[in-house]
Structure formats: structure tokens, C-alpha cells
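Report on the following structure.
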Amino acid sequence: MTNSSLAERIEELKREKNAVILAHYYTTDEVQAVADFLGDSLALSIKARDIDAPIILFAGVNFMAETAKVLSPDKKVLLPVPEAGCSLAESCDAEAFAAFKAKYPDHKVVSYVNTSVGVKALTDVCCTSSNALQVVNSIPADQPIIFAPDRNLGSYIQKLTGRDNMVLWDGACTVHEEFSLEKILKLKEEHPAAKIVVHPECKAYIVQVADYVGSTAGILEYCGQSDADEFIVVTEAGILAEMQKRYPEKRFIPAPPEDSTCACNECRYMKMVTLENILACLENESPEVNLDEDVRRAAERSIQNMVAIK
Ligand code: 13P
Ligand code: SF4
């Protein structure tokens with residue numbers, strides 16, 4: 001089947017079953033095209049909570065679909081590729097995290113939404129890269145914090161807030177840690193007027209050369225508001241499709257990873273989602289996300305605490 005006939009059949013099934021597709025900006029262009037809502041982690045969490053449809057198909061990685069199920073337990077949440085994981089979520093095992101947390105009994109736990117439901121259940125308040133600063137600032141300055149699992153986002157927030165009472169879990173996203181400073185600076189030499197936009201999951205020495213640091217949604221917004229016509233984009237390359245769609249007159253240059261000849265950097269987990277597996281998943285209404293109810297409830301509290309912070 002061609003992509004357009006796959007997309008047509010997906011549209012038919014969505015109407016027939018009253019299903020809604022949520023997709024992250026890091027999925028492929030053709031997957032983004034069949035989505036009803038496209039967003040970054042924060043926007044998708046809020047949408048998953050508020051959506052009015054009996055079936056949600058999550059075109060993204062497994063922690064995102066789990067989050068949707070945590071917030072919408074009465075809905076059927078479908079995940080085309082359950083093995084589409086996340087290096088960051090996998091860098092924080094729930095059992096090891098429980099042992100770590102036990103060493104800091106007076107600390108509040110702030111966890112990035114890129115975690116398993118088990119880690120969310122051990123968390124006081126979740127955050128995403130869009131709202132990590134607001135979440136940390138919502139906690140009294142004298143209250144010590146455990147920040148997990150992203151060490152780069154954690155140290156960036158620590159620097160912004162000047163808090164010396166944050167303990168960081170030592171996790172990272174392999175995609176965002178792979179960018180090469182040398183190659184970024186070379187691109188800057190070739191395009192001196194370009195602004196460098198960086199996701200805070202990148203290493204500190206990359207963040208340091210940025211004109212703007214922010215989440216996927218923040219970067220998109222900045223590129224629209226900036227007077228610049230060219231941007232060196234230091235995050236997952238899936239975002240480029242939306243950038244080009246929103247701002248066709250501007251130029252977006254992907255930053256390359258360190259150990260590769262590739263011109264851009266992609267999350268292999270996000271790219272596991274295809275039109276074929278979305279169609280099969282909608283047809284069979286499977287694989288479906290199911291969670292233990294006690295763990296779900298505990299995780300729900302931490303996500304609701306995040307969504308309540310404006
Ligand atoms: P945001 O969607 O918060 O920008 O996070 C990026 C990411 O790596 C999602 O997996
Ligand atoms: Fe996880 Fe990184 Fe992929 Fe996002 S880009 S899903 S953090 S591995």
C-alpha cells in the first residue's frame with residue numbers, strides 16, 4: 001500500500017471508531033500527517049487528559065502512551081510499537097530509583113515525564129522540558145529536591161535557579177547527548193547569522209553556545225518570533241518538518257551527531273512508529289496499554305501535580 005492509501009485507511013478507521021491520534025514532533029513526517037494533535041511532551045500530556053474520545057492511539061514512545069493511560073484510565077490507549085522505548089526513561093529503573101530515594105528521605109522528588117509509570121509513582125511532581133523551571137520554582141527554596149532522570153536538564157535548571165539543594169539522578173537521552181560541539185561551531189562559521197537553538201537535554205558545553213535553550217515547543221515558538229532567517233537546530237530532527245511548515249521562509253539546519261556521517265540526529269525509538277503499524281493497531285485495537293491500578297493512581301498524582309502548576 002502507498003503512504004497515501006495507508007493514510008486514507010487510517011482516516012476512515014479513526015472516523016469509524018471515534019479514535020484520536022496523538023503524535024510527538026519526533027515521529028516521521030508521514031506519521032505527523034495523520035495525527036489529530038501534534039505536540040511536545042507537555043502539550044501531549046495535557047491533551048491526553050482532556051481528550052473526549054473513547055480511543056487514543058499514541059504515535060510516540062511507550063512512556064508517553066503510559067502517561068495518556070494514567071490520565072485517561074477509562075479510555076482505550078493504543079500504542080502501535082510497545083517496544084519503542086526511550087534511552088532516558090530506561091536510564092532510571094524504578095527499583096534502583098526507590099533505593100536512591102530512600103537515601104534522601106527529606107527530599108521532594110521532581111521527575112521528568114520521560115520515566116516509567118513505576119518511577120512516576122515514586123515522584124511528587126512530574127515536569128517536562130517546557131515547565132521544569134516553573135515546577136522547581138514552585139517548590140520552596142529551602143526544600144531539598146531529587147531531580148530525575150535527566151542530568152543535563154537537571155544541571156541546567158540548577159544553574160538557572162542557583163539551587164544548591166538539588167540531587168540529580170545520573171540519566172540521559174542518548175540522542176541529545178550525541179551532538180558534536182565542533183560540528184555545530186563549524187556550521188556557525190558557515191552560517192554566521194544563524195541562531196543556535198538547543199534542547200536542554202543536551203550536554204552543558206552545547207547549551208553554553210546556544211542563543212536559545214528550550215523544549216521542542218519553546219524552540220518552535222522562538223524560531224517564529226526571532227528576526228533571524230536561519231537556525232542551527234540542536235535537537236531531534238523530526239521537529240524540522242513542523243518548523244518548515246510553520247515558517248517556510250526561514251531556513252533550518254540540523255546539527256549533526258558526533259560519531260556519524262549523518263547530517264542530523266534522530267531518535268530511533270520515535271522512528272519505529274510507521275503508517276503500517278498505526279493502521280494494524282487501529283484495525284486490531286491492539287497493542288493496548290494496561291496498568292496496575294495502584295501504580296497508576298500513584299503516578300496520576302505526580303502528573304496532576306505538574307499539570308496544576310501554571
Ligand atoms: P519535549 O517534548 O519536552 O521537548 O522533550 C523532548 C523529548 O526528548 C521527548 O522524548
Ligand atoms: Fe527518549 Fe531521547 Fe528519544 Fe526523547 S529523543 S524519546 S528522550 S531517547
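Counting starts at 1 for both ligands and their atoms, following the listed order. The basis for the numbers below is simple: all heavy atoms, side chains too, and nothing from hydrogens, waters or symmetry mates.
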Does [X], backbone or side chain, put an N or O under 3.5 Å from an N or O of ligand 1?
X: Glu201; result: yes
X: His199; result: yes
X: His24; result: yes

*State whether Cys86 contributes an N/O/S atom found under 2.8 Å from atom 2 (Fe) of ligand 2.*
no
*What distance do Ile21 atom CD1 and Leu13 atom CG have between them, rounded to the nearest 0.5 Å?*
9.0 Å
*asked:* Once rounded to the nearest 0.5 Å, what's the spacing between atom CG of Asp40 and atom CD1 of Ile219?
replied: 10.0 Å
*Would you tell me whether Tyr26 and Thr216 have side-chain atoms, one donor and one acceptor, within less than 3.5 Å of each other?*
yes
Ligand-residue contact atoms, ligand 1 with [X], heavy atoms, under 4.0 Å:
X: His176; result: 8 (O)
X: Asp40; result: 2 (O)
X: Ser129; result: 1 (P), 3 (O), 4 (O), 5 (O)

*Numbering the atoms of ligand 2 from 1, which are under 4.0 Å from a heavy atom of Tyr26?*
5 (S)
Which residue and heavy atom of the protein sit nearest [atom], plus the separation:
atom: atom 7 (C) of ligand 1; result: Tyr26 CE1, 3.4 Å
atom: atom 8 (S) of ligand 2; result: Ser87 OG, 3.2 Å
atom: atom 2 (Fe) of ligand 2; result: Cys173 SG, 2.3 Å
atom: atom 10 (O) of ligand 1; result: Asn114 ND2, 3.2 Å
atom: atom 4 (O) of ligand 1; result: Thr216 OG1, 2.5 Å
atom: atom 7 (S) of ligand 2; result: Asn114 ND2, 3.2 Å
atom: atom 3 (Fe) of ligand 2; result: Cys267 SG, 2.4 Å

*Evaluate the criterion side chain to side chain contact (heavy atoms under 4.5 Å, CB included) for residue pair Thr28 and Thr274; output intermediate values, then yes/no.*
CA-CA 8 Å; Thr28 62; Thr274 63; over 6 Å; no
_Salt-bridge contact Lys195-Glu230 (side-chain N to carboxylate O under 4.0 Å)_ = no
*Any idea which part of Val113 is under 4.0 Å from ligand 1, heavy-atom wise: side chain, backbone, both or neither?*
neither
*Backbone, side chain, both or neither: what part of Tyr112 comes under 4.0 angstrom of ligand 1, heavy atoms only?*
side chain
*Assess whether salt bridge (charged side-chain N to carboxylate O under 4.0 Å, His left out) is satisfied between Glu177 and Arg151, documenting all intermediate values.*
CA-CA 11 Å; Glu177 279 217 322; Arg151 59 178 171 238; 2.8 Å; yes
*Give a yes/no verdict on a cation-pi contact between Lys47 and Phe37, requiring under 6.0 Å between NZ or CZ and the six-membered ring centre and an angle within 45° of the axis.*
yes
_Take a 6.0 Å sphere around CD of Glu190 and say whether it holds more than 12 heavy atoms from other residues, nucleotides or ligands._
yes
*Does some non-hydrogen atom of Glu201 fall short of 4.0 Å from ligand 2?*
yes
*If the plane angle is over 60° it's perpendicular, under 30° parallel, otherwise tilted; pick one for Phe97 and Trp169.*
perpendicular
_For Lys250, is there any backbone N or O sitting under 3.5 Å from a side-chain donor or acceptor partner on Gln244?_
yes
_Set out, in order, the CA-CA distance, both residues' side-chain angles and the distance that settles salt bridge (charged side-chain N to carboxylate O under 4.0 Å, His left out) for Arg246 and Glu242, then state yes or no._
CA-CA 6 Å; Arg246 284 196 201 181; Glu242 182 67 13; 2.9 Å; yes
